[in-house]
Protein chains: 2
Amino acid sequence: MNFSKTSKYALRILSHMAKDETAQYSAQQLHEDINIPVRYLRRLLTDLSKSGFIKSTHGRNGGFTFSRSASQIFLSEIVDSVDGFESINGCILGYDSCAFDYKCPMHVIWQETKQKVINTLKNTSLHDLRKNDLVFD
Amino acid sequence: MNFSKTSKYALRILSHMAKDETAQYSAQQLHEDINIPVRYLRRLLTDLSKSGFIKSTHGRNGGFTFSRSASQIFLSEIVDSVDGFESINGCILGYDSCAFDYKCPMHVIWQETKQKVINTLKNTSLHDLRKNDLVFD
DNA sequence: ATAAAATGCTACTTAATTTTAGTATTTCTT
DNA sequence: AAGAAATACTAAAATTAAGTAGCATTTTAT
Ligand code: SF4
Ligand code: SF4
């Protein structure tokens with residue numbers, strides 16, 4: 001039960017950026033703040049731009065800012081963009097395709113918990129994180 | 001949010017075996033039943049033996065049987081033995097070590113959901129799976 | 001103009017996970 | 001005694017995920 005390292009990175013990046021939602025962050029700055037290998041971080045930032053969470057401005061004073069309000073970016077979207085929603089929602093036994101008509105015992109037992117996970121991710125926006133903000137770096 | 005492929009395999013293996021708890025299963029048989037690459041399956045079975053869930057008997061009519069009651073094998077133990085408990089319980093942002101004194105917003109938000117996951121895994125035994133058994137192969 | 005500081009693209013490298021192979025050993029059947 | 005059918009051990013190959021490098025481009029400061 002885990003997110004991929006890359007998903008965790010993405011959560012780190014965006015939740016950190018949400019601390020000052022309108023600020024612009026450079027890869028270098030973020031690297032110093034949240035300790036992700038800088039070249040990989042840059043790639044992720046580009047990916048997150050392409051996914052529409054943030055937008056980049058080029059050139060000397062460039063960097064990244066949110067492309068929509070943090071209150072409209074939900075954790076589920078972030079994980080989905082990196083790992084794919086199937087990583088959360090897929091079969092707990094790892095079957096690619098399953099006749100969902102007949103739900104196996106494991107399915108039944110896991111169902112509610114999975115739904116809780118999904119709901120938490122779907123209902124939590126980056127803005128929500130600010131509610132009980134504590135500096136952590 | 002995911003288990004490793006190997007953990008999923010382990011869950012497949014043991015939940016399948018729990019359908020007939022006292023039966024003996026050979027790797028070949030299990031391979032045909034649950035469709036895991038047979039050589040890898042064999043290695044996993046050996047690992048699961050070492051972890052104490054099942055025991056092996058060698059030789060021609062050999063195979064694997066549970067080494068303790070399925071009602072005393074909990075899903076959390078299985079996942080723990082393969083991926084490690086940290087994979088479930090660890091930091092959602094992927095930090096190796098964190099001053100747990102100050103819990104960051106993400107921690108607070110994830111806490112309850114994580115606990116639900118842990119509780120489900122800790123409270124569900126392989127025997128519990130049989131309650132609403134439906135054949136799935 | 002030129003240099004600095006930033007992102008973007010593409011390919012390569014390294015590390016981790018998953019799969020396969022070879023060989024040895026055990027036990028049962030005949 | 002020989003062969004069949006099983007597990008055990010170890011190494012290697014293949015695949016996937018994570019991290020690195022080089023170079024191009026954009027914009028700003030001087
Ligand atoms: S029913 Fe069982 S096998 Fe099918 S998707 Fe659900 S958990 Fe997986
Ligand atoms: S407080 Fe935040 S950074 Fe620390 S372990 Fe919890 S989620 Fe991770």
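In the text below, chain A, chain B and the rest are named by the order of the sequence lines, each starting its count at 1.
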Check your understanding: Is there a side-chain contact between B/Ile78 and B/Leu126, using heavy atoms and a 4.5 Å cut-off?
Key -> yes

Please tell me whether [X] and [Y] have a donor and an acceptor in their side chains that are separated by less than 3.5 angstrom.
X	Y	result
B/Glu32	B/Gln28	yes
B/Thr57	B/Gln24	yes
A/Thr65	A/Tyr25	no
B/Ser69	B/Ser71	yes

For [X] and [N], what is the distance between atoms [atom1] and [atom2] respectively, to the nearest whole Å?
X	N	atom1	atom2	value
A/Leu44	C/dT7	CG	C1'	14 Å
B/Gln29	D/dA5	CD	C1'	13 Å
A/Asp47	D/dA17	CG	C1'	13 Å
A/Leu41	C/dT7	CG	P	9 Å
A/Arg12	D/dA18	CZ	C1'	13 Å
B/Ile54	D/dA6	CD1	C1'	14 Å
A/Arg60	D/dT28	CZ	P	11 Å
B/Lys55	C/dT27	NZ	P	15 Å

Revision key, fill the gap. The reported gap from CZ in A/Phe3 to CG in B/Leu93 (rounded to nearest 0.5 angstrom) is 10.0 Å

Practice item. Go through C/dT7, D/dG19, D/dT7 for me and flag the one nearest to the A/Ala27 side chain. Key: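 Among C/dT7, D/dG19, D/dT7, the one nearest the side chain of A/Ala27 is C/dT7.
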
Study note, to complete from the structure: Given protein heavy atoms under 4.0 Å, the one-letter contact record of nucleotides 8-18 of chain C, with B base, S sugar-phosphate only and - none, is simply BS-B------S

Check your understanding: Closer than 4.0 Å, any side-chain N/O of A/Asn61 to the OP1 or OP2 of D/dA29?
Key ->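 Answer is yes, contact under 4.0 Å.
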
